[in-house]
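These values consider heavy atoms only, across backbone and side chains, with no hydrogens, waters or symmetry-generated copies. In listed order, ligands and their atoms are each counted from 1.
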Amino acid sequence: MRARPRRLDERGLIRSRLSEEHGTLGCDVRAPVVMAYPSPYRVGMSSLGFQTLYRILNAEGPGAHRAFLPDEWEPATLAWPPPKQQVLSYESVTPIRDYPIVAMSVAYELEVSGIIRLLEGAGIPLLAKDRTERDPIVVMGGPVTTTNPSLLLPFCDVLISGEAEGSLPLAVHTILDTPGRARAIEAAGALPHSCVGEIEEGRFEALPDMGRADQERLPAFSAITTPEAELSNMFLVEPERGCSRRCTFCVMRGASTGGMRILPLEAPLSVVPDHAKKVGLVGAAVTDLPHLEELVARIVESGRGVGISSLRADRLTPGFLDNLARGGYRTITVASDGISERMRDVLDRKISERDLLRAAELVGSRGFHRLKLYQMMGAPTEREEDADELVRFALELSKLTRLTMTFSTFVAKRNTPLDGQPFVGIKTAEARLKRIKAGLKGKVEIRPQPPKWAWVEYVLSQRGPEVGYRAIEAVHNGGNFGAWKRAFATLPEQHGRALVFGDEARRASRTGFAADPTSASPLVTLRGATPREEP
Ligand code: SF4
């Protein structure tokens, strides 16, 4: 990504960014919808879902503009409120509070900070129950609805769950066709895969089941390429959707999302625009595509660079790697997730030491700069012996290629068999990381994500709408870790569920957001473990 040389005011910045985009839609055309992304421009423009919905709303009507969390409001720790600044749409440089509909796509739980900052900063009442006829109708959806949509309920007027290629245009048309704010919200909330947010204090509807896009809506592909995206100047396209595998920690697992939908080879190729110099193949399980080698070869033969969102170690072949090298790859990144063979079995990851050794051999022998390995520590039953096995194995791998390992900490997610599992503990996770770092010092580069933020994500993932109110408290108190810890301290106790495997786990995953029969509340997602961590 190119560095921006100087500070521009918001209007200047928007002009500068628009001038570098290819494929911008809806400029200087009135639109009733602004798609407001709760992270900055470079992140939002790398979201295939955000780009796809923007493209669909512009292609099929009624038109949509974009807005983003101002860059200055991104840091996790930020005194609030910051100096006043307007939140403007890019296509018409209009304050977003002046649009009839604000649509927000939320990727994951920690983006709740961005929701709070964006809405408040834009002058839109933060809570759905406080909005009036003068305010926009706020529609929310996005990947976070596959894990914990209840977190969004205090903030949205209408919630759309799951894939929204069909649901969002329908909701937008329904809102525009229904006179009166309250009636429009009720009508949109009654649509399939949708519900009304907390528009009245304490009123929650049962969460809807997840939408699934019709096959003719696929592939998803981006409208705009820009040098300022995290995936700089990359045209994004999804050659398959979903995953047929069953990793026990993953919200994309086939049992939850209906499996993998494979598109014909020509489908993604036919939508690549002439100006695209790089093509990013995005999807949960792209390397499971039967025709992936041919797809990559065709892109590379057309003179374009290529990127793939996820590579599986057991699917790498010499020919495939050679094409990736021709397409600009210097680092090969694969996920191991479990830090030992035993933990990979617990997670049902179906990647073995043998697969990882073979991947390292291939990467080393074909001239790539390095192998990057994703690890997820702290999953249920993990012990110090697993960390010791990782150290031994990583040293073995590092003899075959230069090795970098990134570490995240396991966060139990709804709609997975490991839902409700406790958090490993910040101190435990930090001590384990320290042990691994000491064992690999000077041999393997380690890039850990701080376990304390995984704990915040864990609490946000495992609780109901009440945690949205605690998030407001944390953001208003500066958003540092201490602020989150204090905000969560007043959450009422919840009791964890037992670890389930095998058939019971599969049953649990199928039930998804089904009502909790022990709960008197019509709101159904208040299950899960107590945030019992003692940070
Ligand atoms: S971790 Fe990857 S392979 Fe496993 S279910 Fe999720 S998307 Fe599929």
Side-chain angles (χ1 to χ4, degrees), residues 47-49 107-109 142-148 162-163 210 212-213 218-220 236-263 280-290 292 307-316 320 332-356 358-359 372-380 382 405-419 421 449 454 457 461 500-502 505-512:
S47 163
L48 178 57
Y108 69 123
E109 287 82 357
V144 78
T145 63
T146 63
T147 63
N148 191 8
E163 299 170 12
M210 282 187 273
R212 198 171 143 88
L218 307 180
L236 306 176
V237 60
E238 186 184 38
E240 60 83 25
R241 179 161 292 185
C243 180
S244 55
R245 297 179 187 265
R246 294 179 165 268
C247 306
T248 51
F249 63 95
C250 178
V251 294
M252 292 308 298
R253 62 197 305 275
S256 309
T257 55
M260 184 176 177
R261 279 167 278 169
I262 297 172
L263 302 179
L281 302 174
V282 178
V286 175
T287 36
D288 279 346
L289 259 185
L292 180 65
I308 299 179
S309 62
S310 57
L311 290 169
R312 278 186 69 91
D314 58 347
R315 306 284 293 188
L316 301 180
F320 180 48
I332 295 296
T333 304
V334 296
S336 156
D337 292 321
I339 65 172
S340 66
E341 198 79 335
R342 189 183 71 80
M343 289 310 300
R344 285 187 287 276
D345 283 345
V346 167
L347 300 173
D348 209 1
R349 193 64 180 83
K350 299 218 166 27
I351 289 289
S352 65
E353 275 202 359
R354 210 177 50 186
D355 297 324
L356 294 166
R358 194 177 141 275
K372 196 155 116 190
L373 203 55
Y374 281 128
Q375 300 287 357
M376 183 180 68
M377 54 180 290
E382 188 185 283
M405 289 202 296
T406 65
F407 282 85
S408 61
T409 308
F410 167 75
V411 170
K413 296 281 179 171
R414 297 273 172 76
N415 217 19
T416 69
L418 296 185
D419 176 19
Q421 289 306 304
Q449 291 164 6
E457 184 183 343
S461 302
V500 286
F501 286 111
R506 279 191 280 281
R507 269 200 306 281
S509 76
R510 271 202 301 271
T511 58

- Note on the structure: Residues at least two apart in sequence or cross-chain that pass salt bridge (Lys or Arg N to Asp or Glu O under 4.0 Å) with Glu163, listed by chain then number, are Arg241, Arg261

- Query: Are the side chains of Glu109 and Val411 in touch, meaning some heavy atoms are under 4.5 Å apart?
  - Reply: no

- Report the residues that fulfil salt bridge (Lys or Arg N to Asp or Glu O under 4.0 Å) with Arg342, sequence neighbours left out, ordered by chain and then residue number. Asp386

- Message: Taking salt bridge (Lys or Arg N to Asp or Glu O under 4.0 Å) as the definition, give me every residue that meets it alongside Arg349, ordered by chain and number, with sequence neighbours left out.
- Response: Asp337

- Task: Can you establish whether the number of heavy atoms outside Phe320 located under 6.0 Å from its atom CZ is more than 12?
- Result: yes

- Query: In total, how many protein N/O/S atoms does one find closer than 2.8 Å to atom 4 (Fe) of ligand 1?
  - Reply: 1

- Message: Any donor-acceptor pair under 3.5 Å linking the side-chain atoms of Ser352 with those of Asp355?
- Response: yes

- Message: Salt bridge or not between Glu341 and Arg354? Use side-chain N to carboxylate O under 4.0 Å.
- Response: no

- Message: Under a 4.0 angstrom heavy-atom cut-off, which atoms of ligand 1 come close to Arg312?
- Response: 3 (S)

- Item | Numbered atoms and elements of ligand 1 in range of Phe249, under 4.0 angstrom, heavy atoms | 1 (S)

